[in-house]
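First listed ligand is number 1; within each ligand, the first listed atom is number 1. The structure presented is a predicted model; accordingly, all values stated were derived computationally and were not measured.
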Amino acid sequence: MTSYNEIYQQSITDPETFWGEAAEGLHWIKKWDRVLDMQAKPVPRWFPGAEINTCYNAVDRHVETGRGNQTAIIYDSPITKQQRKISYAELQQQVASFAGVLVKLGARKGDRVIIYMPMIPEAAVAMLACARIGAIHSVVFGGFAANELATRIDDAKPNIIVSTSCGIEPGRVVEYKPLLDEAMRLAKHKVTACVLKARPQATASMQQGRDYDWDSEAAAATPADCVPVAATDPLYILYTSGTTGQPKGVIRDNGGHAVAMHWSMKNIYNVEPGDVYWAASDVGWVVGHSYIVYAPLLKGCTTIMYEGKPVGTPDPGAFWRVISEHKVKILFTAPTAFRAIKKEDPNGEYLKKYDLSCMQSLFLAGERCDPDTLFWAREKLNKPVVDHWWQTETGWGIAANPLGIEELPIKPGSPTVAMPGYDVQILSEEGAQMPAGEMGNIVIKLPLPPSCLPSLWGNDQRFIDAYLSKYEGYYLTGDAGFKDADNYLWIMSRTDDVINVAGHRLSTGAMEEVLSGHPDVAECAVIGVADALKGQMPLGLVVLKSGVDRPEEDIIKELIKRVRDQIGPVAAFKQARIVKRLPKTRSGKILRGTMVSIADNTEWKMPATIDDPAILDEVKAALQALGYANS
Ligand code: COA
Ligand code: AMP
């Protein structure tokens, strides 16, 4: 058997042979001129000259090779008490019909379609329908507010939006249509059509001539066929948080993405066609794109769309029920889900009620898996628990334990080793290689492997500035950490304003922009403080304009509402405090990192450049009033 080391070395020294062979597992309409174009700008490109259709590979191909009756999607919704199974043949029919609807409404190859949907199978159908006709989808997570949706409409400039009447959160129905209408009103770019899947929990008001009912349109549609697209054509745009309020539109291409997705299923997760694979995430996040929709279907697996939570729908045994009922082989989720389960069922009593013998292993990502959570999950499940590290920008694991190649020893707190194609290095600020065990900026030497972003939508310059300009020839991950003597990676923190709340990537800069917009606010800082359940939680420290003498509680309530209204409930912005001043360096830079250390009670040094150390005492008192900085 070939070892991880041999495979990894080949992928770095001879990437064209490595990925050329991996690509053979897919159907190509036209083969590539060459596997890798190193001269392409801003970054090298995979499979130039090739033509492919991602939907054909994920759906039609399996019907044609005899998997038509196999279940492609299991919809399991404890929140609506519903279940539905869709076979590959049914999926093909539904996707072709909905692709026909999109074509009728004017979508053509290269056009953008925004999908704003909860965890219902129609979300996957809409994504695949776009892929079928070469339209570029951009899925927006349902927990974002109208304003965020409007920002994405203005950036992606879609002609069609696909949505539904509502999403359902525990205890409340989230009506989507008012949010959509508000977003379309706010956006400068005008959308020509909006297709809505009606759900019984809410009725959407329809605007004649712009809004269309999914069911009646799909029933009347002429099914559309798969069209050839260039391997380098975009399959989707997925917006993710950056340093500012303007999210980054990560582009994913068709060819490289399909190859990496397909390769990862066997080699990282160790699954075969026909296996049941469950990523308990949301289609609005990258994990949902890659491992709820594309990778499991490209591999011919059965994927699960779960509309529920790890706890409360109805209890902390929810995940175990789904695993045993549907014979799930691999569960992939965020550590925060396990912390939520552990909190409610520390002794694993609910686990004992279910037969989990079908389950092979658990994969975690989205945030660093703290060793306590890893130990608990491993002890209770008695299966390998694999932390793996990746980003929206890459679409798949940069570091993982490749169970399909060989199971490497697990070091709790480390996502193990670099995956094939990722030449991960640790650099000092000046660009020198850091010795083993020493922290630095984590970078990936170009070329990035297939599936990684070729650019940001409509903004090559931002792509270059944000990722490529700090160290020439390297992609800057935005994470800091180190490599140990065994080449294991340790991902310790972000180097920018991104925080991770319940596995969701959020920008503190974006929250600061919203707070600064409040008429009473002079300046503010939002920091991510440690949280036992969600990993991090945002916390705002706000300085008021002089002369403002309204009650502080009123202003704080307004600030919290403002972030919820403008970014969305997913921002989880619930704590803020008014302070007289913010600690700064003499050059005026706010000392956010120092405030985080004080809040989290971690060791910190008085910054040599601090303007006025006394301000830190005031900040500490404010943090203590919110329950932080206790020691
Ligand atoms: N539509 C509308 N609102 C949404 C939403 C959606 N799709 N998703 C979340 N929200 C809301 C929640 O209802 C909550 O609102 P509230 O402030 O009124 O309670 C808020 O956004 C924050 O959501 P979240 O941070 O997810 O907290 P939670 O308390 O609802 O759930 C967990 C906490 C840990 C159970 C949940 O985050 C979870 O299961 N996470 C792990 C899986 C995952 O999604 N990982 C993503 C990457 S792999
Ligand atoms: P996202 O783009 O939402 O997937 O978030 C990517 C970021 O989440 C990474 O840059 C890391 O900061 C963090 N992250 C994701 N997975 C891990 C992990 N396994 N360990 C540490 N950090 C992680």
Side-chain angles (χ1 to χ4, degrees), residues 79 116-119 123 140-145 166-176 179 238-242 248 250 279-292 306-313 316 318-319 332-341 343-344 363-370 374 386-400 413-416 442 453 476-481 489-496 498-507 531 533-538 560 563-564 567-574:
I79 211 144
Y116 185 62
M117 291 185 108
M119 284 294 288
V140 179
F141 178 62
F144 282 121
C166 63
I168 303 158
E169 283 295 289
R172 69 193 157 102
V173 170
V174 184
E175 288 206 35
Y176 277 23
L179 289 168
L238 179 56
Y239 287 90
T240 188
S241 300
K248 295 170 173 169
V250 168
S281 177
D282 187 288
V283 280
W285 306 117
V286 66
V287 172
H289 281 63
S290 294
Y291 292 103
I292 295 174
Y306 174 74
E307 192 181 26
K309 304 267 172 181
V311 294
T313 56
F319 275 20
F332 176 173
T333 190
T336 191
F338 266 74
R339 289 196 295 268
I341 297 169
K343 191 169 166 222
E344 291 204 6
F363 280 79
L364 298 169
E367 55 175 327
R368 178 167 182 260
C369 181
D370 53 290
L374 185 121
V386 177
D387 177 18
H388 59 333
W389 166 56
W390 48 303
Q391 312 183 309
T392 303
E393 288 84 345
T394 65
W396 65 293
I398 308 169
S414 161
T416 321
I442 311 181
L453 79 174
L476 186 70
T477 63
D479 284 312
L489 287 160
W490 297 78
I491 317 302
M492 306 312 287
S493 60
R494 289 286 305 189
T495 57
D496 55 13
V498 165
I499 57 170
N500 229 298
V501 180
H504 308 146
R505 175 167 162 181
L506 299 167
S507 160
D531 182 82
L533 177 65
K534 295 194 176 186
Q536 282 182 303
M537 281 290 267
I560 289 172
V563 175
R564 194 175 173 95
I567 297 182
V570 68
F573 183 80
K574 293 186 177 172

Problem - Glu367 and Lys534 ion-paired at < 4.0 Å - result: no

Practice task
Could you tell me the residue and atom name of the protein heavy atom closest to atom 3 (O) of ligand 2, and the distance to it rounded to 0.1 Å?
Solution key: Arg505 CB, 3.3 Å

Practice task
Identify the protein heavy atom lying closest to atom 22 (C) of ligand 1, giving its residue, its atom name and the separation to 0.1 Å.
Solution key: Pro569 O, 3.6 Å

Handout entry: Side-chain (Ser290) to main-chain (Val287) donor-acceptor, under 3.5 angstrom
Key = no

Completion exercise
Here the atoms of ligand 2 under 4.0 Å from any heavy atom belonging to Gln391 are 2 (O), 4 (O), 6 (C), 10 (O)

Exercise for the section: Write out the residue and atom name of the closest protein heavy atom to atom 9 (C) of ligand 2, then the distance separating them to 0.1 Å. Expected result: Asp479 OD2, 3.3 Å

Handout entry: Best match, Lys534, Lys309, Arg505, Glu367: closest heavy atom to atom 29 (O) of ligand 1
Key = Lys534

Problem - Minimum non-hydrogen distance to atom 48 (S) of ligand 1, winning option of Gly142, Ala571, Ser281, Ala340 - result: Ser281

Completion exercise
CZ (Arg339) and SG (Cys369) are apart, to the nearest 0.5 Å, by 7.5 Å

Practice task
Take the angle between the ring planes of Phe332 and Tyr291 and call it parallel below 30°, perpendicular above 60°, tilted in between.
Solution key: tilted

Problem - Flag, side chain of Ser507 to backbone of Val498, donor-acceptor distance under 3.5 Å - result: no

Exercise for the section: Check each atom of ligand 1 against the heavy atoms of Val570 and keep those under 4.0 Å away; list them by number with element. Expected result: 21 (O)

Practice task
Say whether, by atom type as modelled, one donor and one acceptor occur between the side chain of His388 and the main chain of Phe363 under 3.5 angstrom.
Solution key: no

Practice task
Compare every heavy atom of Cys166 with every heavy atom of Val173, then report the nearest pair and how far apart it is.
Solution key: CG1-CB, 3.7 Å

Completion exercise
Under 4.0 Å between heavy atoms, the region of Pro118 that gets near ligand 1 turns out to be neither

Problem - Distance from atom 18 (O) of ligand 1 to nearest protein heavy atom, with residue and atom - result: Arg564 NH2, 2.9 Å

Exercise for the section: Return yes when Ala280 approaches ligand 1 closer than 4.0 angstrom through a heavy atom, no otherwise. Expected result: yes

Exercise for the section: Pick one of side chain, backbone, both or neither for how Trp390 approaches ligand 2, counting any non-hydrogen atom pair under 4.0 Å. Expected result: backbone

Problem - Contact bool for atom 2 (C) of ligand 1 (protein heavy atom, d < 4.0 Å) - result: yes

Handout entry: atom 45 (N) of ligand 1 - nearest protein heavy atom and its distance
Key = Ala334 CB, 3.7 Å

Problem - Proximal candidate to atom 35 (C) of ligand 1 [heavy atom criterion; set Ala279, Pro310, Gly284, Gly308] - result: Pro310

Handout entry: Student check: side-chain heavy atoms of Val501 and Pro538 closer than 4.5 Å
Key = yes

Problem - Closer than 4.0 Å: a protein non-hydrogen atom to atom 32 (C) of ligand 1 - result: no

Practice task
List the closest protein heavy-atom neighbour of atom 44 (O) of ligand 1: residue, atom name, distance to the nearest 0.1 Å.
Solution key: His504 NE2, 3.7 Å

Problem - Those atoms of ligand 2 less than 4.0 Å from some heavy atom in His388 - result: 16 (N), 18 (C), 19 (N)

Exercise for the section: Say whether Leu364, considering both its backbone and side-chain N or O atoms, lies within less than 3.5 Å of an N or O atom on ligand 2. Expected result: no

Problem - Heavy-atom donor-acceptor pair, His504 side chain to Asn500 backbone, under 3.5 Å - result: no

Problem - Thr313 side chain vs Ile79 backbone, donor-acceptor pair below 3.5 Å - result: no

Exercise for the section: Tell me yes or no: between the side chains of Arg505 and Ser241, is some donor less than 3.5 Å from an acceptor? Expected result: no

Exercise for the section: Using modelled atom types only, decide if a donor and an acceptor are shared between the side chain of Thr240 and the backbone of Lys248 within a distance under 3.5 Å. Expected result: no

Handout entry: Any donor-acceptor N/O pair, Thr336 side chain to Gly503 backbone, under 3.5 Å
Key = no

Practice task
List the closest protein heavy-atom neighbour of atom 8 (O) of ligand 2: residue, atom name, distance to the nearest 0.1 Å.
Solution key: Asn500 ND2, 3.1 Å

Handout entry: Non-hydrogen atom of Val501 closer than 4.0 Å to ligand 1
Key = no

Practice task
Taking Arg368 for its side chain and Gly413 for its backbone only, find out whether a donor-acceptor pair lies under 3.5 Å.
Solution key: yes

Problem - Heavy-atom nearest neighbour in the protein, as seen from atom 16 (N) of ligand 2, with distance rounded to 0.1 Å - result: Gly366 N, 3.1 Å

Practice task
Look only at the side chain of Glu344 and the backbone of Val311, and say whether a donor-acceptor pair between them is shorter than 3.5 Å.
Solution key: no

Problem - Element-labelled atoms of ligand 2 that are located less than 4.0 Å from some non-hydrogen atom of Ile491 - result: 21 (C), 22 (N)

Exercise for the section: Indicate, as side chain, backbone, both or neither, the part of Arg172 found under 4.0 angstrom from ligand 1 when only non-hydrogen atoms are considered. Expected result: side chain

Exercise for the section: Enter the distance from Ile442:CD1 to Trp490:CH2 here, rounded to the nearest 0.5 Å. Expected result: 12.5 Å

Practice task
For atom 8 (N) of ligand 1, grab the closest protein heavy atom and report residue, atom and distance to one decimal in Å.
Solution key: Phe141 CZ, 3.3 Å

Exercise for the section: Provide, to 0.1 Å, the distance between atom 9 (C) of ligand 1 and the closest protein heavy atom, together with that atom's residue and name. Expected result: Glu169 OE1, 3.4 Å

Problem - Nearest-neighbour protein heavy atom for atom 22 (N) of ligand 2, which is reported as residue plus atom name and distance - result: Arg368 N, 3.5 Å

Problem - ligand 1 contact by Phe332, heavy-atom criterion under 4.0 angstrom - result: no

Handout entry: Closest protein heavy atom (residue, atom, distance) for atom 19 (O) of ligand 1
Key = Lys574 NZ, 3.9 Å

Fill in the blank from the handout: Candidates Glu393, Lys248, Glu367; heavy atom nearest atom 18 (C) of ligand 2 found on Glu367

Problem - Residue Asp387 vicinity, atoms of ligand 2 by number, heavy atom under 4.0 Å - result: 18 (C), 19 (N)

Exercise for the section: Using modelled atom types only, decide if a donor and an acceptor are shared between the side chain of Tyr116 and the backbone of Phe144 within a distance under 3.5 Å. Expected result: yes

Handout entry: Heavy-atom nearest neighbour in the protein, as seen from atom 41 (C) of ligand 1, with distance rounded to 0.1 Å
Key = Thr336 CG2, 3.5 Å

Practice task
Please work out whether the ring planes of Phe338 and Phe319 are parallel, tilted or perpendicular, with thresholds of 30° and 60°.
Solution key: perpendicular

Practice task
Answer with yes or no whether Met119 contacts ligand 1, where contact means a heavy atom under 4.0 Å from a ligand atom.
Solution key: no

Practice task
Please identify which atoms of ligand 1 are closer than 4.0 Å to at least one heavy atom of Ala502.
Solution key: 25 (O), 37 (O), 40 (N)

Problem - Heavy-atom check, side chain of Thr477 versus side chain of Gln391, under 4.5 Å - result: yes

Exercise for the section: Could you name the option among Thr392, Val386, Thr416 that has the heavy atom nearest to atom 1 (P) of ligand 2? Expected result: Thr392

